[in-house]
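Side-chain atoms are counted along with the backbone in the values below, which use heavy atoms only and exclude waters and symmetry mates. Lettering follows sequence order; numbering is per chain, from 1.
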Amino acid sequence: MYGIGLLKGLAVTMRNMVSPGRQFTLHQYPDRRVGLLGLAKQANTNLVSYVLREPAMAAKSLIGLATVKDRMPQHPRFRGEEFVWYEERCTGCASCAKYCPLGIIEIVTHPSGDAMQEGEKYAIDVFDIDIGRCMFCGLCVEACPYDAIHMGSGFEESTYVREELVIDVDRLRSAPKRPSTWFRPQLEGKGYQPLDGQEVSWKDVGRHQMPDDSELEDRWAKR
Amino acid sequence: MAITTEPVTINLGPQHPSTHGVFRLRVTFDGEEVVDVEPVFGYLHRGTEKLAESRSYVQIVTLTDRLDYTASMSNNLAYVRAVEKLAGIEVPERAMYLRVITAELQRIASHLMATGFLLNDLGAFATPLMYCFRERERILDMFEMLCGARITLSYMRPGGVFQDAPAEFWPALDTFLVETPGYLDDLENLITGNEIVLARTRGVGILGDELAIATSVTGPMLRASGVQWDLRKADPYEVYDRLEFDIPIGVAGDTFDRYLVRILEMRESLKIIEQCVDQIPRGPIKPDLPFNLRPPEGDAYAAVEGPKGELGFYLVSDRGIAPYRCKIRAPSFINLTPLKEMVVGWKVGDLIVIFGSVDVVLGEVDR
Amino acid sequence: MDLPEWLAFGMAGFTLAFIVINAMIMSTALYTWFERRALGRFQVRLGPNRWGPFGLLQPLADIIKLITKEDTIPDEADRPAFTVAPVVLLLPMLLVVAVVPFGEDSFLGRLNVGILFIVGVTSISTIAIFVGGWASGNKYAMLGAMRGVAMLISYEVPMALAIAGVLLLVGPALPADAEGFAGISSLALSKIVESQVLPFLLVSPLAFLVFVAAASAEMSRTPFDQIEAESELGSGYHTEYSGIKFAVFQLAEFMAPIVTSIIIVTLFLGGTRGFSPVPEQIWFILKVFVVIFLLLWVRATWPRLRIDQIMAFAWKGLFGLAILNLFVVATEIEFLRTSDGTLSTGSLWLMAAINWPVTLVSVVVLARLLGHGRMDRPEPSPSPLANMYAEAE
């Protein structure tokens, strides 16, 4: 019958409006409003004791002014903006720079005199990643033979000046070591969650465990 | 003095709410009626084909993400299939299933976007669009689990996929498969029977089967014209020959058929994914390959049935680490060929709706 | 100190006008907030919720933003016409409110010809839209303005006819009283409200349908929002407007649903009538709110019709329905009215009983006539030109 479709459409929109299960799974960044019940739940108390303890906050929540931090749940594989770089693992081979499709990684090294036995490690002078041009494809991470560079898990690197988007070696050194598990099954296997805020040391991020001293002795004694 | 009228030329775009990007149409109107249409391309030209000549075979995967940015998985699939054909790489079974699952998920996501924006062009004040985006959001969440990105995925590599699906992917996929048919029903209740939609789309912008074939239109547009042609059946790639599914076709090739074919295809895609989840074997997901491939001299063309149509990559190798030539057969671009035949004689509003039903993505049109 | 009469009158009028205009503007601001929140819910999202409690200060932020923005006037524009158009569009909205009774005794002017005044004054908006579109010197704006003029003038006709059907139900004017003052005519809105013992929605649903359809076209909301048609014309007649002029256009545009709802409530839902403990003003506001919500619901759901379909709907559909309604109501009144020309409550019920079936049948018949053959879709058959199954063999 002509006209039924229009009414059906109205029914659909009404159902979607009133049923909470059909709403977007909404996450409001950086914070979201909470009601009294949500506040009490967050403080791990019941409603009455929360109101007695913090009447000001409770009153605020009634007129919709109380907020709590909120952001979208992020998978540990999320390819984030800041890079996690372990200097101890890096040999300065510049594979990442070679495989970057955009050529935005610049590496300058010099022979360090360290680890002469293994074939002399390079010391890093310059390690610039221009994340203003980076597309976060993660090929540098994929290319790194020593698991020295990892994707980060953040996305809050915006600045007012474009130059500040270039991550230099000092920033890489001092950055929190919370690598994304992207292309790092060894981290995923450990169930590592970068968003918990826990940092990982350079010894634990590699594909292979670090050989201990006795193994090394075996290896080099024959020479 | 005799009263005369004269045609008015209007630039629709490149900045216009419903040109789906930076498309420009020089339209000549006689009152409200379209007399002539002249498309102007190239506002989003980034030289993808030329850039590919200076990138290694793996690096080009990241370029293909940015062609049709609503269907990155399909682009990845088409490209890596071309490389595999060129270099003669065997793909492990599990990788093939994963690729089919992700490509079909991407088809659903792309069709949802097409439907939502078509309804937006019809003037439905964004409600169906938001419903479509709600569904698409779940697909993007699953993509984030797979590869850490939501739009520019770069999930596939020549020879397989880069990483296996995490454990939490499969339960999420199962809930998606259970719940999505209900949401699609909702969408159909809202749109398919709606008399205003019918009045606006039935018999509007008819593309006959003869013209569709003559202008080498592919994808849902071709099938809406009644031509039963789908590369997944006609030239099965990956594991499509082991899967049961139908190819929905339209009746008249009008705007409504183009919309309906997309809805029906989404349901078929759900069926395909269900079968893949049942059939997927354990095993490796990528053969051991060097990072820089050096395929033997020669050329290869591989095409997949993307959400918009036949998406093909033609690669020529000269034994270098980068292809000598990379040609992309972009379905959005070729589907625009009969645009003039479709819109001339219709009104301003119809022009927008017909253009919306073609479902172009300017990243792919301009490359 | 005695004020001269004219000054007292002027001051009172000015104060009342000041109050009503500001109340309308503030309620419009509140309405924009409500509309955006409700539309957000319809579209399974939240809507504005950041600024102030529950986002209530969002309209304020919008106003500040729009006022502080640069007010550009295109070179091609006709400056005086371009400047005056927003004000002209706002004017009828405010004038309508002047004659509407919000309660038994709360109104600005008890105009004897209230409904005529409303019909007359609302047509001004057509001029404003055309002037705004034409003065912009923009082809999109011109297209929107042309559509607007064609559409608004067309929909005046069924709207006026629907109102005529209502006026038949109101009954004759009261006789002049002993001092010679003319009685309240049936064109006065207070008289219309008074005579709605049974809401006219129940008595003549056909008139209600026609009026609501025509009114939503008059205020250019979906499914009749051809004047703006943001997906086709940018934003129609106010494409070139910015800053405070745009704000005034938006104000008028968002005021339109409120004003339309007020008229609908007054004409069809018994206006200020309600049950006793709750004051009449509250009843009125509640009814207006319900109508606004229904209009919003329709806006959130339905797509837009094409311009020629809208015109066809006005002239082939609504016009016929309005004429039919007028004819049916007139016939019924001819047989049912009492000796002094009024209608008893019983006969109103009888009319309702007759009019509902008439409405349903006429709408169905009209739908069949207008939309015949569009609904059935044949089973698709594959084209013989190319068939992958055939080639595979």
Side-chain angles (χ1 to χ4, degrees), chain B residues 8-11 16-18 29 31-32 119-131 133-134 190-191 193-200 202-204 209-210 212-213 222 225-231 233-235 247-252 256-257 260 347-353 356, chain C residues 39-45 138-140 142-144 146-147 150 221-226 228-235 296-313 367 370-371 373-375 377-392:
Chain B
V8 182
T9 305
I10 289 185
N11 274 309
H16 187 274
S18 44
F29 292 117
E32 286 261 342
L119 263 288
N120 219 22
D121 290 348
L122 277 170
F125 210 76
T127 311
L129 178 69
M130 293 308 283
Y131 291 178
F133 266 57
R134 182 181 57 193
L190 180 59
I191 306 168
N194 193 315
E195 276 77 7
I196 298 180
V197 175
L198 290 176
R200 285 298 302 277
R202 256 317 160 70
V204 171
D209 48 356
E210 220 165 296
I213 293 171
L222 178 68
S225 304
V227 183
Q228 209 154 32
W229 181 263
D230 191 313
L231 277 181
K233 281 268 192 217
D235 179 18
I247 306 297
I249 54 171
V251 182
F256 183 76
D257 276 343
L260 200 66
K347 304 250 183 313
V348 191
D350 293 327
L351 164 72
I352 303 290
V353 173
Chain C
L39 268 180
R41 285 292 298 187
F42 271 121
Q43 297 170 3
V44 294
R45 56 189 174 85
N138 179 314
K139 287 171 185 167
Y140 286 119
M142 193 63 195
L143 260 178
M146 294 303 285
R147 284 176 172 191
R221 307 260 290 188
T222 37
F224 305 105
D225 60 341
Q226 278 297 333
E228 285 178 44
E230 74 281 345
S231 68
E232 291 160 25
L233 302 178
S235 52
L296 199 61
W297 188 8
V298 167
R299 185 184 183 202
T301 309
W302 293 349
R304 178 192 308 135
L305 280 165
R306 204 168 57 206
I307 180 71
D308 57 328
Q309 290 165 344
I310 288 179
M311 302 299 278
F313 185 60
L370 282 185
R374 278 191 172 273
M375 288 297 288
R377 184 170 181 270
E379 203 48 36
S381 61
S383 158
L385 292 174
N387 194 324
M388 59 185 176
Y389 296 114
E391 260 170 69

Is it the side chain or the backbone of [X] that comes within 4.5 Å of chain C heavy atoms, both, or neither?
X: F133(B); value: neither
X: I249(B); value: both
X: D209(B); value: both
X: D235(B); value: neither

Pair R147(C) + E32(B), salt bridge at N-O below 4.0 Å: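 Looking at R147(C) and E32(B), the cut-off is met.
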
Worked check of side-chain contact (heavy atoms from CB on, under 4.5 Å) between I196(B) and L122(B): CA-CA 9 Å; I196(B) 298 180; L122(B) 277 170; over 6 Å; no

CA sep, side-chain torsions, deciding dist, call: N138(C), M142(C), side-chain contact (heavy atoms from CB on, under 4.5 Å): CA-CA 6 Å; N138(C) 179 314; M142(C) 193 63 195; over 6 Å; no

Leading residue by heavy atom contact count with chain B [cutoff under 4.5 Å; candidates I307(C), T301(C), L305(C)]: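 Going by pairs under 4.5 Å, I would pick L305(C).
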
Over 12 non-hydrogen atoms of neighbours within 6.0 angstrom of CE in M130(B):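 Yes, because the 6.0 Å sphere around CE of M130(B) holds more than 12 heavy atoms from other groups.
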
Exercise: identify the closest heavy-atom pair between F256(B) and L198(B):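 Smallest heavy-atom distance, with atoms named: CE1-CD2, 3.5 Å.
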
